[in-house]
Amino acid sequence: MSAAPPPPPPESPVAAAAGGGDKVLAAAQHIVKSLATSKNAADDMIRILSGFDNRLSQITSDLFPSPDLAADSDERGNPLWGQISAAAFDAAEQLIQVWDGTPEALVFEATEDEVAEYLSAVDVAIEHLARGSGGGAGGAGSSSSSTAGRAGVAVQLAMARLEEELRHLMVRHAVPLDPTGLFFSLRRLSLGSMDDLDTSSEFDAATPHSIDVAPETARGGPLVNPFEDQVFDPVRPEAVDDLRAIADRMARAGYSRELADAYCGIRRDLLDEYLSALGVERLSIDEVQRIEWKHLNDKMKKWVQAVKTVVRVLLAGERRLCDQVLSVSDELREECFIESTKGCIMQILSFGDAVAVCPRSPEKLSRILDMYEALAEVIPEMKDLCLGSSGDGVISDVQANLDRLGDAIRGTLFEFGKVLQLESSRRAMTAGEIHPMTRYVMNYLRLLVVYSDTLDALLDDNADDQIDLARAEDQDQEHLESMTPLGKRLLKLISYLEANLEEKSKLYEDSALECIFSMNNLLYIVQKVRDSELGKILGDHWVKRRNGKIRQYSKSYLRISWMKVLSFLKDDGHGSGSGSSGSGSGHSSSRMSIKEKFKNFNLAFEEIYRNQTTWKVPDPQLREELKISISENVIPAYRAFLGRYGSQVDGGRNSGKYIKYTPEDLESQLSDLFEGAPGPANHSRRRT
């Protein structure tokens with residue numbers, strides 16, 4: 001047994017500071033300095049003594065030598081060390097039991113000193129448990145074994161207490177989620193695209209016509225993260241140190257499993273609440289498939305926002321929290337991050353899977369594209385968050401979900417093509433105006449161009465597309481070969497639309513109205529192509545060919561509608577306007593023939609006027625060009641005929657019955673054409 005330590009020297013700084021009054025502090029200083037053979041050993045002893053009496057934490061180890069790892073184990077064989085250690089454990093055990101006897105009280109709601117004392121007591125108990133029966137010296141083996149058993153019980157009580165304290169701290173200091181502050185500014189409305197695509201009347205199979213929507217309003221730049229200059233901490237910063245102190249001790253005591261279970265359970269529950277606040281519900285595939293499109297559309301929009309919010313805000317916050325609280329173990333940190341966030345991620349993915357297997361319908365395409373792009377955008381960020389190999393499974397699930405959404409996009413485009421081919425409504429547009437299907441399809445295709453990068457990556461250059469497009473005789477083959485996958489698919493869809501419109505034009509009994517219908521619809525297609533990115537994709541050659549077809553329709557209309565009218569104004573050699581030559585009977589016959597011509601002209605013109613004022617040419621430029629073309633053909637011919645033969649009729653009996661219009665009257669009447677008048681027009685404007 002070693003000799004008793006000498007009395008503390010009078011010049012001891014601790015003793016001097018005590019002014020001779022605090023003998024306990026001075027004695028403890030002397031004991032530590034006498035027994036400790038290294039600075040590390042001194043620090044251990046000070047910690048144990050502090051657990052016995054908090055005042056002893058004032059002891060300084062500055063006067064002790066640097067760490068000496070070779071000698072660090074010697075002092076624990078000293079009998080006096082054992083006595084001090086046992087006393088410290090007795091005090092620690094007593095403190096742990098006192099707190100265990102008051103389960104309604106919480107350590108971390110007590111004063112800072114009380115928290116520090118309790119944590120020191122836990123440290124002492126853990127250290128005694130770790131030493132086991134080797135903590136004593138000489139013949140104290142049975143006593144040490146008994147102490148180790150007591151330490152095990154104390155540690156068990158402390159761990160149960162700390163686990164409960166951990167749960168309480170995380171719940172009490174959880175930061176509530178404000179969805180209005182977290183939701184990103186959606187400058188794209190996507191095919192809000194499709195919200196503006198009217199679902200009425202004719203084109204049911206593909207969700208019919210739409211008002212004209214500028215693509216710029218449908219989808220702008222990427223989503224903006226309002227947290228670029230700040231972070232979202234799921235737990236208030238003042239609680240993090242306490243949580244880390246608990247986690248460190250539970251891990252050192254061998255309670256990592258209990259720590260992980262408690263930590264992950266609380267974080268999972270809180271993430272569920274966050275998802276609910278973001279509007280992400282837990283829905284089965286059957287439930288999703290039964291939701292009406294209007295409500296499903298809203299849920300899909302919320303999902304797009306939620307995906308980015310979850311990854312960039314919530315998961316990033318969980319990553320930081322894990323790193324801060326569970327710094328004691330890299331393995332524990334990775335395990336807890338994956339386990340606590342997996343449920344949240346799977347809930348997000350389950351909705352994506354449900355949407356991916358829903359029946360294909362064109363109005364869903366833009367929303368699915370938004371979902372695809374949102375998920376694709378955050379996958380690299382998720383890989384950065386899931387640092388260890390334990391996250392590989394989650395990343396694989398996310399990638400698989402993305403692939404299924406991609407399949408849904410390809411399938412929906414395929415179904416859209418089938419709809420265009422099979423749509424067979426038999427009701428003609430009464431005024432020859434633009435068909436709802438034309439409006440819907442062209443606005444649909446214009447808006448799809450916004451997703452060109454994504455769609456180019458998803459669409460394959462399949463052989464069927466190549467065969468179909470190679471048959472397009474009016475397509476510039478060199479430009480066709482340089483087209484992107486999306487460009488070829490768009491060209492194919494427009495060709496389906498044109499073929500369908502050609503079939504619908506045959507529903508008209510009036511061939512002139514058939515021309516008006518074809519002109520209106522083809523011009524609308526050309527305008528939508530020319531005024532958007534579709535023009536670059538399809539090329540100038542395509543546009544020029546369609547403009548040529550529009551001119552052909554215009555000429556056909558003039559020939560069909562006005563050839564018969566103009567035939568009544570032809571000069572058949574009835575004589576000069578003076579009517580002075582020829583026999584009386586011949587002159588009479590000529591006058592009758594001229595009257596008949598005027599009469600037939602009036603009837604034919606009035607029939608055209610009555611019908612074609614109800615026809616509609618929506619484009620003002622085309623409407624005016626048609627009127628000008630008609631005037632250039634009709635007015636000069638009528639003026640010439642009237643000037644040549646009008647005198648043979650005018651002034652005679654019932655002359656107003658035959659010469660009903662002046663050239664100016666006709667020009668005024670022609671200005672009423674193609675305005676889409678609701679009923680029979682009043683054509684009483686004639687010369688008086």
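Keep in mind that this is a model prediction, so the values were computed, not measured.
- Atom-to-atom distance recorded for Leu420:CG and Leu501:CG is 9.5 Å, nearest 0.5 angstrom.
- With hydrogens and angles ignored, the 3.5 Å screen pairs a side-chain donor or acceptor of Arg591 with a backbone N or O of Gln648.
- Ion pair Glu415/Arg410 not flagged as a salt bridge, since none of the NZ, NE, NH1 or NH2 atoms sits closer than 4.0 Å to an Asp/Glu carboxylate oxygen.
- Of the charged side-chain nitrogens involved, at least one lies within less than 4.0 Å of a carboxylate oxygen, so that Asp370 and Arg367 count as a salt-bridged pair.
- Taken to the nearest 0.5 Å, the CD atom of Gln552 stands 11.5 Å off from the CZ atom of Arg546.
- Looking only at distances, no side-chain donor or acceptor of Ser593 sits under 3.5 Å from a matching main-chain atom of Ser590.
- From Ile494, atom CD1 reaches atom CD1 of Ile537 across 9.0 Å, with rounding to the nearest 0.5 Å.
- Looking only at distances, a side-chain donor or acceptor of Glu433 sits under 3.5 Å from a matching main-chain atom of Ala431.
- Taking a cutoff of 4.0 Å between a charged side-chain nitrogen and a carboxylate oxygen, Glu606 and Lys660 qualify as a salt bridge.
- Partner Leu405 forms a side-chain contact (heavy atoms from CB on, under 4.5 Å) with one of Leu369, Leu458, Leu375, Asp353 and no other, that one being Leu375.
- Proximity of a side-chain donor or acceptor of Asn521 to a complementary backbone N or O of Phe517 within less than 3.5 Å is detected.
- Classification of Lys549 and Glu498 as a salt-bridged pair fails, no side-chain N sitting under 4.0 Å from a carboxylate O.
- Looking only at distances, no side-chain donor or acceptor of Ser554 sits under 3.5 Å from a matching main-chain atom of Ile550.
- In summary, the side chains of Thr614 and Gln612 do not present any donor paired with an acceptor at a separation below 3.5 Å, with no hydrogens or angles considered.
- Atom CG in Leu455 sits 9.5 Å away from atom CZ in Arg489 (nearest 0.5 Å).
- Looking only at side-chain heavy atoms (C-beta outward), Met300 and Ile368 come within less than 4.5 Å of each other.
- Using a 4.5 Å cut-off on side-chain heavy atoms (C-beta onward), Glu514 and Tyr553 make no contact.
- Side-chain N or O atoms of Gln669 include none that pairs as donor or acceptor with a backbone N or O of Glu664 at under 3.5 Å.
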Check your understanding: Do Lys308 and Glu373 pass the salt bridge (charged side-chain N to carboxylate O under 4.0 Å, His left out) test, and can you show the C-alpha distance, the side-chain angles, and the key distance before you say yes or no?
Key -> CA-CA 10 Å; Lys308 298 205 172 191; Glu373 287 188 346; over 6 Å; no
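- Between Leu402 and Ala376 the shortest heavy-atom distance is CD1-N, 3.7 Å.
- Trp562 places a side-chain heavy atom less than 4.5 Å from the side chain of Val634.
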Exercise for review: Check step by step if side chain to side chain contact (heavy atoms under 4.5 Å, CB included) holds for Cys515 and Ile560.
Suggested key: CA-CA 9 Å; Cys515 291; Ile560 295 168; 4.0 Å; yes
Practice item. Starting from the C-alpha separation in whole Å, work towards a yes-or-no answer on side chain to side chain contact (heavy atoms under 4.5 Å, CB included) for Leu603 and Phe598. Key: CA-CA 9 Å; Leu603 291 173; Phe598 274 112; over 6 Å; no
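- With a 4.5 Å cut-off on side-chain heavy atoms, Glu502 and Ser518 do not count as touching.
- For Lys627, the NZ atom sits in a packed shell: over 12 heavy atoms of surrounding residues, nucleotides or ligands are nearer than 6.0 Å.
- Ring-centre distance between Tyr658 and Tyr645: not below the 6.0 Å cut-off.
- Taking each heavy atom of Val288 and Cys358 in turn, the nearest pair found is CG1-SG, 3.9 Å.
- Residues His435 and Asn500 fail the side-chain proximity criterion, which asks for heavy atoms closer than 4.5 Å.
- Taking each heavy atom of Val565 and Ala604 in turn, the nearest pair found is CG2-CB, 3.8 Å.
- With respect to Glu533 and Lys536, a salt bridge is recorded, a charged nitrogen being found less than 4.0 Å from a carboxylate O.
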Point to revise | Pair Gln305-Leu278, side chain to side chain contact (heavy atoms under 4.5 Å, CB included): steps then yes or no | key: CA-CA 8 Å; Gln305 299 177 46; Leu278 292 173; over 6 Å; no
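- For the residue pair Asp619/Tyr524, the side-chain donor-acceptor check at 3.5 Å is not satisfied.
- Under the 4.5 Å side-chain criterion, counting only non-hydrogen atoms from C-beta, Asn520 is in contact with Pro618.
- When all heavy atoms are compared, the tightest approach of Leu569 to Ala637 is CD1-C, 3.8 Å.
- Closest of all the heavy-atom pairs between Gly352 and Asn401 is C-ND2, 3.7 Å.
- In this structure the side chain of Leu513 never reaches within 4.5 angstrom of the side chain of Thr430, judged on heavy atoms.
- With hydrogens and angles disregarded, a donor-acceptor distance shorter than 3.5 Å links the side chain of Lys364 to the backbone of Pro359.
- Note on ring orientation: taking the six-membered ring where Trp is involved, the planes of Phe601 and Tyr638 are parallel (angle under 30°, cut-offs 30° and 60°).
- There is no side-chain donor-acceptor pair under 3.5 Å between Ser668 and Asp665.
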Exercise for review: Please report the C-alpha distance between Trp293 and Ser361 in whole Å, then the side-chain angles of each, then the deciding distance to 0.1 Å, and finally whether the side chain to side chain contact (heavy atoms under 4.5 Å, CB included) criterion is met.
Suggested key: CA-CA 10 Å; Trp293 163 239; Ser361 56; 5.9 Å; no
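- Heavy-atom minimum distance, Gly279 versus Lys302: O-CD, 4.1 Å.
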Exercise for review: Evaluate the salt bridge (charged side-chain N to carboxylate O under 4.0 Å, His left out) criterion for residues Lys504 and Glu423: first the C-alpha distance (whole Å), next the side-chain angles of each, then the deciding distance (0.1 Å), finally the verdict.
Suggested key: CA-CA 10 Å; Lys504 292 188 187 311; Glu423 200 282 329; 2.5 Å; yes
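- Remark: Glu503 engages Lys506 in a salt bridge, criterion side-chain N to carboxylate O under 4.0 Å.
- Atom-to-atom distance recorded for Leu538:CG and Leu445:CG is 9.0 Å, nearest 0.5 angstrom.
- Proximity of a side-chain donor or acceptor of Asp456 to a complementary backbone N or O of Leu486 within less than 3.5 Å is detected.
- Under the 4.5 Å side-chain criterion, counting only non-hydrogen atoms from C-beta, Leu673 is not in contact with Leu626.
- In this structure, Trp303 contributes its side chain and Ile348 its backbone to a donor-acceptor pair below 3.5 Å.
- Using a cutoff of 4.0 Å between basic side-chain nitrogens and carboxylate oxygens, Glu281 and Lys299 are scored as salt-bridged.
- Remark: the backbone N or O of Ala408 is not paired with any side-chain donor or acceptor of Tyr372 at under 3.5 angstrom.
- Atom CG of residue Asn602 and atom OH of residue Tyr609 lie 14.5 Å apart, to the nearest 0.5 angstrom.
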